[in-house]
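In what follows, a structure is listed as structure tokens, so that the remarks can point back to it.
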Amino acid sequence: MQAKKRYLLLFSAGACLVLLFCFGGIQVPLSRRGPSRRDDRSLAGYHPGARWRPLPGYLQPFSPWEQDRSDDLNEHISPRQKRDTLSGLYTGKRCRMESCFDFSLCERNGFKVYVYPQQKGEKLSDSYQNILSSIEGSRFYTPDPGQACLFVLSLDTLDRDQLSPQYVHNLKAKIQSLPLWNGGKNHIIFNLYSGTWPDYTEDLGFDIGLAMLAKASISTENFRPNFDVSIPLFSKDHPRTGGERGYLKHNTIPPYRKYMLVFKGKRYLTGIGSDTRNALYHVHNSEDVVLLTTCKHGKDWQKHKDTRCDRDNTEYDKYDYREMLYNSTFCLVPRGRRLGSFRFLEALQAACVPVMLSNGWELPFSEIIDWNTAAVIGDERLLLQIPSTVRSIHQDKILSLRQQTQFLWEAYFNSVEKIVLTTLEIIQDRVLLHTSRSNLMWNCLPGGLFTLPQYSTHLRDFPFYYAKLGIKPHPKFTAIIHVVTPLVSQSQPVMKLLVAVAKSQYCAQVMVLWNCDKPLPAKQRWPATSVPVIVIEGESKVISSRFLPYDTIPTDAVLSLDEDTVLSTTEVDFAFTVWQSFPDRIVGYPARSHFWDSNKERWGYTSKWTNDYSMVLTGAAIYHRYYHYLYTTYLPASLKTMVDQMSNCEDILMNFLVSSVSKLPPIKVTQKKQYKETMMGQSSRASRWADPDHFAQRQTCMNKFASWFGTMPLVHSQMRLDPVLFKDQVSILRKKYRDIERL
């Protein structure tokens with residue numbers, strides 16, 4: 001009887017529950033977990049059936065219901081609940097390029113970026129102003145929104161910590177009122193800090209809709225692959241352009257330093273991010289593993305201090321952070337309140353191999369950078385194994401890791417401009433997938449920012465990968481002679497130069513760039529040669545036209561010549577032979593140098609003949625044709641316009657460009673003593689070389705170029721390459737380039 005009553009009671013309760021469920025009284029949450037990467041395949045072409053309620057985010061990027069609900073949540077739920085709820089509130093939570101980006105906007109004018117004009121009364125932080133300035137100074141920028149493929153807000157979204165003085169209030173309403181917002185489609189939002197004490201969630205405080213996020217400290221859980229971009233956390237003092245070089249000056253063997261593993265930073269006694277740093281004392285040994293923390297920070301740190309605080313603070317003050325950083329092989333990068341840390345970029349610059357201890361952090365630019373070649377990825381749960389792990393790494397691997405930290409630092413991280421440009425290049429590769437860069441281009445010198453896939457997607461077409469591919473450049477060169485004076489006599493220097501160059505066994509063809517105001521001479525006026533001679537009229541008769549990427553250049557090497565250059569066939573042959581071993585550099589004869597004038601606090605230019613040089617002038621130099629493409633497309637129009645207006649400094653600008661790419665000096669080859677005097681004696685350019693204004697202009701150019709590059713890319717060298725047995729007291733018959741010594 002008792003059993004019968006129990007069954008009846010259970011049956012009644014079950015029936016009531018079924019009725020409540022059917023009439024909507026109870027809602028069963030199916031899952032609170034975000035979409036996995038496995039779901040990506042269903043996003044591009046998935047259309048829900050009639051009996052499924054469509055996702056509101058893909059049709060309505062913003063609705064009043066969501067605004068009201070968000071306001072209510074802010075008042076009545078805890079920060080943790082708010083985080084969990086908002087993770088599903090963003091309408092673009094499951095966005096990918098295929099589903100939330102309008103590719104048609106990029107088909108008309110290519111990949112162009114529009115920055116909204118700054119609104120009256122809106123203040124920008126220095127860091128966000130640097131980001132916008134970097135975009136506006138790039139080749140991607142367009143002032144016309146009708147030509148844009150990507151849009152960037154002029155509202156400061158970098159710091160979304162409500163306790164920060166940089167926090168922008170009412171951002172949600174301001175963004176929704178923008179006429180081009182379109183639910184966030186084709187927009188990118190930059191952010192460094194999100195959430196606030198005590199949980200520091202990744203909530204930005206407004207619905208980003210279908211916009212992409214370029215965010216620091218982003219977790220793998222919230223990161224949308226092939227849509228968002230993880231950027232590094234950088235300080236407000238991070239330089240806008242240029243940036244310092246890495247601190248690995250010499251490849252010391254073995255690559256060990258004074259310390260094996262170091263860290264110095266705050267220890268959080270309570271709240272998120274406290275576990276890992278609180279446990280560091282377990283592996284600290286005060287010898288080669290020095291992990292220092294202090295709890296002496298914040299206004300009320302003494303209220304929460306534990307028994308270790310005083311001892312930790314005393315030990316903390318004994319060591320200088322910079323001294324530790326530059327004298328350690330590995331640097332620990334544990335998570336703080338947020339997943340990212342300033343320690344990451346500091347370690348990269350110092351050539352201290354980062355040991356990552358931040359579970360769930362999507363590392364900066366993880367889409368393109370192979371971090372296994374530059375860092376050690378640890379696990380917070382296995383902290384005690386970290387010392388033995390780093391000790392087991394072979395010294396060859398350590399040297400390789402340190403070298404890669406320097407490459408990555410200088411290629412992508414040492415300035416705000418490079419961080420921003422890397423972000424834009426990543427998005428451009430997604431948009432123009434057929435011309436995207438390979439993994440090797442991103443992870444090898446000179447890096448993705450200088451390897452433009454619009455030029456070619458084949459590695460063999462660039463001057464940087466011959467050794468890696470096991471191939472050699474094309475065995476011949478194309479000579480380009482820049483002519484600015486009319487042809488009046490067959491005995492002019494340009495005629496002798498053309499004949500001498502055409503006799504070279506390595507010459508494929510000669511191009512004459514006619515930048516003279518007079519009409520082109522008749523074809524029969526040019527001397528007969530064994531190689532083709534192509535005469536091209538210069539575009540707009542400007543001096544920069546000598547560096548245009550002409551389709552008529554069939555070879556990898558370009559021999560650039562001024563019309564009054566005096567070179568023999570032997571000198572041309574030897575210079576090209578040297579270039580074949582250094583295809584990423586400028587190789588040539590006339591050398592110049594730069595110096596810092598401490599009295600005038602500016603860069604100076606000198607033509608004095610010394611053992612030290614940093615430029616090889618393009619009046620007689622060989623380089624790879626790819627630099628013509630870079631000169632035309634990478635450099636800003638302002639610099640090229642300045643050069644064209646002065647008809648001067650184009651050779652200096654090319655040296656700046658090549659040195660900034662290769663990080664190496666040019667190469668000077670054997671040169672006869674009469675070279676300078678011979679050039680000064682020529683009628684066509686004697687006035688230019690003797691004109692003091694010409695020299696003053698070149699001084700001005702040096703400083704203008706250095707200002708745009710943000711640093712001085714030129715590198716000094718004292719190396720000169722001579723032929724074997726050059727000037728040796730042996731028979732001239734034993735020397736291959738015997739004619740050079742007779743000049």
Side-chain angles (χ1 to χ4, degrees), residues 230 232 245-264 276 280 283-285 287-291 323-335 340-341 343-359 361-414 438-448 459 464-470 662-664:
S230 177
R245 298 198 66 175
Y247 289 107
L248 183 62
K249 303 299 183 185
H250 305 285
N251 290 328
T252 53
I253 305 293
Y256 300 120
R257 293 178 171 179
K258 178 180 178 181
Y259 303 108
M260 176 59 67
L261 179 67
V262 301
F263 172 75
K264 187 177 183 182
T276 301
L280 294 182
V283 292
H284 167 74
N285 64 14
E287 295 177 359
D288 63 340
V289 178
V290 181
L291 307 179
E323 190 271 337
M324 292 171 58
L325 190 65
Y326 301 146
N327 289 281
S328 181
T329 305
F330 296 93
C331 285
L332 196 67
V333 185
R335 66 159 297 156
S341 167
R343 299 291 183 273
F344 179 68
L345 290 187
E346 292 169 351
L348 283 182
Q349 182 181 12
C352 186
V353 181
V355 179
M356 313 307 300
L357 220 59
S358 183
N359 293 6
W361 182 21
E362 188 74 24
L363 294 180
F365 303 139
S366 55
E367 184 174 335
I368 59 165
I369 295 178
D370 181 5
W371 282 110
N372 290 316
T373 63
V376 177
I377 314 300
D379 191 318
E380 293 180 69
R381 298 166 296 182
L382 303 176
L383 171 64
L384 299 182
Q385 297 181 15
I386 293 296
S388 59
T389 299
V390 297
R391 291 184 200 278
S392 67
I393 300 176
H394 193 271
Q395 63 182 19
D396 293 345
K397 178 64 174 178
I398 292 174
L399 180 60
S400 175
L401 290 168
R402 292 180 63 195
Q403 289 173 334
Q404 193 69 357
T405 63
Q406 300 303 273
F407 158 65
L408 294 176
W409 164 256
E410 294 180 11
Y412 307 121
F413 296 110
N414 69 348
S438 67
N439 183 268
L440 184 64
M441 290 178 176
W442 283 113
N443 290 276
C444 292
L445 283 167
L459 294 175
F464 320 114
Y465 309 113
Y466 292 126
K468 291 183 182 298
L469 297 175
S662 67
K663 306 294 189 296
L664 295 168

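One-based numbering along the sequence shown.
- Leu325 and Ala350 get closest at one heavy-atom pair: CG-CB, 3.6 Å.
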> What do the steps show when you test Arg402 against Arg257 for side chain to side chain contact (heavy atoms under 4.5 Å, CB included), and what is the final call?
Replying inline: CA-CA 12 Å; Arg402 292 180 63 195; Arg257 293 178 171 179; 2.5 Å; yes
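- With hydrogens and angles disregarded, no donor-acceptor distance shorter than 3.5 Å links the side chain of Thr276 to the backbone of Pro334.
- Arg335 places no side-chain N or O within donor-acceptor distance of the main-chain N or O of Ser341, the cut-off being under 3.5 Å.
- Side-chain contact between Pro387 and Met260: absent, with no pair of heavy atoms (C-beta onward) separated by less than 4.5 Å.
- Heavy-atom minimum distance, Glu362 versus Ser230: O-OG, 2.6 Å.
- Look at Asp288 and Lys258 and you find no salt bridge, because none of the NZ, NE, NH1 or NH2 atoms lies under 4.0 Å from a carboxylate O.
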> Step by step, would you call Asn359 with Asp379 a side chain to side chain donor-acceptor pair (under 3.5 Å)?
Replying inline: CA-CA 6 Å; Asn359 293 6; Asp379 191 318; 2.9 Å; yes
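- With rounding to the nearest 0.5 Å, the separation of CD1 in Ile369 from CG in Leu408 is 5.0 Å.
- Note: Tyr412 and Trp442 have tilted aromatic rings, judged against thresholds of 30 and 60 degrees for the angle between ring planes.
- Among all heavy-atom pairs drawn from Val289 and His284, the shortest one is O-ND1, 3.5 Å.
- Thr373 OG1 to Gln403 CD: the interatomic distance, rounded to the nearest 0.5 Å, is 11.5 Å.
- Remark: side-chain polar atoms of Gln349 are not paired, donor with acceptor, to backbone N or O of Asn414 under 3.5 angstrom.
- Side-chain contact between Leu445 and Phe407 is present, with at least one heavy-atom pair separated by less than 4.5 Å.
- Under the 4.5 Å side-chain criterion, counting only non-hydrogen atoms from C-beta, Val355 is not in contact with Phe263.
- Among residues two or more places apart in sequence or in another chain, the side-chain contact (heavy atoms from CB on, under 4.5 Å) test is passed with Leu469 by Leu459, Arg460, Tyr465, Ile471.
- Leu401 approaches Ala374 most closely through the heavy-atom pair CD2-N, 3.6 Å.
- Among all heavy-atom pairs drawn from Ile386 and Leu332, the shortest one is CG2-CD1, 4.4 Å.
- Between Leu348 and Tyr247 there is no side-chain heavy-atom pair separated by less than 4.5 Å.
- If you take NZ on Lys468 and SG on Cys444, they are separated by 4.0 Å, rounding to the nearest 0.5 Å.
- Residues Ile368 and Asn439 share a closest heavy-atom pair of O-ND2, 3.9 Å.
- A distance-only check finds a donor-acceptor pair linking the side chain of Gln404 to the backbone of Asn443 [under 3.5 Å].
- Considering CD of Glu323 and OG of Ser328, their distance stands at 10.0 Å, rounded to 0.5 Å.
- Side chains of Leu357 and Val333 form no contact here, defined as non-hydrogen atoms less than 4.5 Å apart.
- Every residue meeting the side-chain contact (heavy atoms from CB on, under 4.5 Å) condition with Thr389, not counting sequence neighbours, appears here in chain and number order: Gln385.
- The aromatic ring centres of Phe330 and Tyr259 sit 6.0 Å or more apart.
- Here the CE atom belonging to Met324 is positioned 8.0 Å from the SG atom belonging to Cys331, to the nearest 0.5 angstrom.
- The CG atom of Leu248 sits 7.5 Å away from the CG atom of Leu399 when rounded to the nearest 0.5 Å.
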